[in-house]
Amino acid sequence: MERVRAESPHPQVNRMIGGFFHEGPAYSAWRASGTADFLLIHTTAGAGRLGTAAGELAVGPRDAVLLRPGIRHDYATAAGAPMWEFAFAHFHPRAEWMPLLAWPDAAGGIGVIHSDAEAHRRVTGALRRAAGVRYGSAVRTELFGMNALEEALLWLDAQNPLAGRVDERVARVLEHVGAHLADPLDLATLSRVAHLSPSRLTHLFQDQVGISPRRYVERERMLLAGQLLDLTNRSVTAIAGEVGCDDPLYFSQRFRRFAGLSPSAYRERGRRDASDR
């Protein structure tokens, strides 16, 4: 009988969280269904391994691995290796990042890029900054982290042999969603924007973005709501309307599911953190 493996903790990711691990030979992580976010792992020393449907994938210094949402997490220090040191970031990408996430596919949903020495140095530095700002108390620390993470992705893209680009029809949908978050954005509407059938758009969007159009719209609305709660004094009712929800109570329920806090508690926490600086 196959041994049941204990699930590793699932991070709560608003925009991004980052870190830097130096782990011994016993380290491993297992999430049977992955996470709802992207996960970037960049090895700086030692060796790791990832379990995939096709077998074991070995990673070493200067290897970066990108796991898309919903892809099983099965990674550990490589057998026989004394340690594995890596920087990581769980993140929800900005729309304009999608071309940076079209990586060579080493195993279904897992991309790998190997960097030269200079890019490796730049990527490592950017990910260290992204991890460091996570622990600050300022309301905007996540935004500083996102900027550092974007720098890392840009350096990795410079090493990407595919120089991938998002399908222009998906790009039209991403642009439309970003400009019309207060409007109805059902699948039929987005399909007309893309000039595709709903089923074809869903398949293409899932393949390129990693989540369905519906989940993408929900995520972008909640991210905007969090930004408005952080940076403005607008009422929860007004913010609900700006992200396409006429019912403030329903909006509050959706936001709590996304952020783990009600809109007012989220705003209060941000202001409390800012006052403690």
Side-chain angles (χ1 to χ4, degrees), residues 9-20 31 34-42 64 66-71 73 87-101 123 125-157 166 174-175 177-179 181 209-212 214-232 234 236 239-240 242-244 251-252 254-274 277:
H10 283 237
Q12 296 298 312
V13 182
N14 183 7
R15 295 183 180 92
M16 66 84 62
I17 60 170
F20 200 92
R31 300 180 186 98
T35 57
D37 51 78
F38 283 77
L39 171 59
L40 171 64
I41 300 173
H42 182 69
L66 183 69
L67 290 91
R68 302 179 77 83
I71 297 299
H73 290 187
F88 71 89
H90 288 268
F91 63 96
H92 296 295
R94 294 167 173 157
E96 63 269 24
W97 289 6
M98 298 315 299
L100 305 179
L101 304 178
V123 171
L127 290 176
R128 282 188 182 276
R129 292 198 303 278
V133 298
R134 173 190 172 197
Y135 303 103
S137 60
V139 172
R140 297 172 183 83
T141 50
E142 275 189 319
L143 298 178
F144 283 110
M146 289 290 277
N147 287 343
L149 175 57
E150 182 176 37
E151 180 183 341
L153 291 172
L154 285 166
W155 279 104
L156 288 167
D157 187 60
V166 171
L174 295 174
E175 183 178 6
V177 169
L181 284 173
V209 182
I211 55 177
S212 68
R214 180 188 65 80
R215 286 183 59 194
Y216 178 80
V217 168
E218 177 79 357
R219 188 188 78 194
E220 291 301 296
R221 283 173 164 164
M222 294 303 103
L223 287 173
L224 175 59
Q227 191 173 64
L228 293 173
L229 288 164
D230 279 343
L231 304 178
T232 76
R234 295 172 199 168
V236 171
I239 291 173
E242 290 194 48
V243 297
F251 162 72
S252 295
R254 288 162 59 191
F255 189 84
R256 182 188 290 274
R257 282 199 299 271
F258 176 79
L261 294 169
S262 70
S264 15
Y266 180 91
R267 170 174 274 165
E268 178 59 29
R269 183 187 68 176
R271 290 178 175 174
R272 186 173 60 250
D273 287 349
R277 281 184 290 168

Next on the checklist: Could you walk me through whether Ile239 and Arg267 satisfy the side-chain contact (heavy atoms from CB on, under 4.5 Å) test, starting with their C-alpha distance in whole Å, then the side-chain angles of each, then the deciding distance to 0.1 Å, before giving a yes or no?
Outcome noted: CA-CA 12 Å; Ile239 291 173; Arg267 170 174 274 165; 3.7 Å; yes

Next on the checklist: On a heavy-atom basis, which atom in His92 and which in Met146 lie closest, and how many Å separate them?
Outcome noted: O-CE, 3.5 Å

Item to check | Residue that, paired with Leu174, satisfies side chain to side chain contact (heavy atoms under 4.5 Å, CB included) out of Arg94, Glu220, Met98 | outcome: Met98

Checklist outcome for this item: Closest non-hydrogen contact found for Val123 with Ala152 is CG2-O, 3.8 Å

Checklist entry - side-chain contact (heavy atoms from CB on, under 4.5 Å) between Leu229 and Phe255: does it pass, once the steps are laid out? => result CA-CA 11 Å; Leu229 288 164; Phe255 189 84; 3.6 Å; yes

Checklist entry - Between CD of Glu96 and CD of Glu150, what distance do you get to the nearest 0.5 Å? => result 6.0 Å

Checklist entry - In Å, rounded to the nearest 0.5 Å, how long is the span from CZ of Phe251 to CE of Met222? => result 5.0 Å

Checklist entry - Can you check whether Phe258's main-chain N or O pairs, donor with acceptor, with Arg219's side chain at less than 3.5 Å? => result no

Item to check | Non-hydrogen atoms of Gly210 and Arg68 that approach each other most closely | outcome: N-NH2, 3.5 Å

Item to check | Spacing of CD1 belonging to Ile17 relative to CZ belonging to Phe91, to within rounding of 0.5 Å | outcome: 12.0 Å

Item to check | Interatomic spacing from CZ in Phe38 to CD1 in Ile211 - rounded to 0.5 Å | outcome: 7.5 Å

Checklist entry - So which heavy atom on Gly18 is nearest to which on Ala131, and how close? => result C-CB, 3.7 Å

Checklist entry - Hey, what's the ring geometry for His90 with His73, parallel, tilted or perpendicular (30° and 60° as the breaks)? => result tilted

Checklist entry - When rounded to the nearest 0.5 angstrom, what distance separates CG in Leu100 from CG in Leu66? => result 10.5 Å

Checklist entry - Going through the distances and angles, do Tyr266 and Asn14 end up as a side-chain contact (heavy atoms from CB on, under 4.5 Å)? => result CA-CA 11 Å; Tyr266 180 91; Asn14 183 7; 3.0 Å; yes

Next on the checklist: Tell me the closest heavy-atom pair linking Gly145 and Ala130, and the distance in Å.
Outcome noted: O-CB, 3.7 Å

Checklist entry - Between Arg215 and Ala36, which heavy-atom pair has the shortest distance, and what is it? => result NH2-CB, 3.4 Å

Item to check | Spacing of Gln12 atom CD and Thr35 atom OG1 [to the nearest 0.5 Å] | outcome: 11.0 Å

Item to check | Given Val217, Leu223, Leu224, the one that forms side chain to side chain contact (heavy atoms under 4.5 Å, CB included) with Arg221 | outcome: Val217

Checklist entry - Is Pro263 close to Ser252 at the side-chain level, that is, under 4.5 Å between some pair of heavy atoms? => result yes

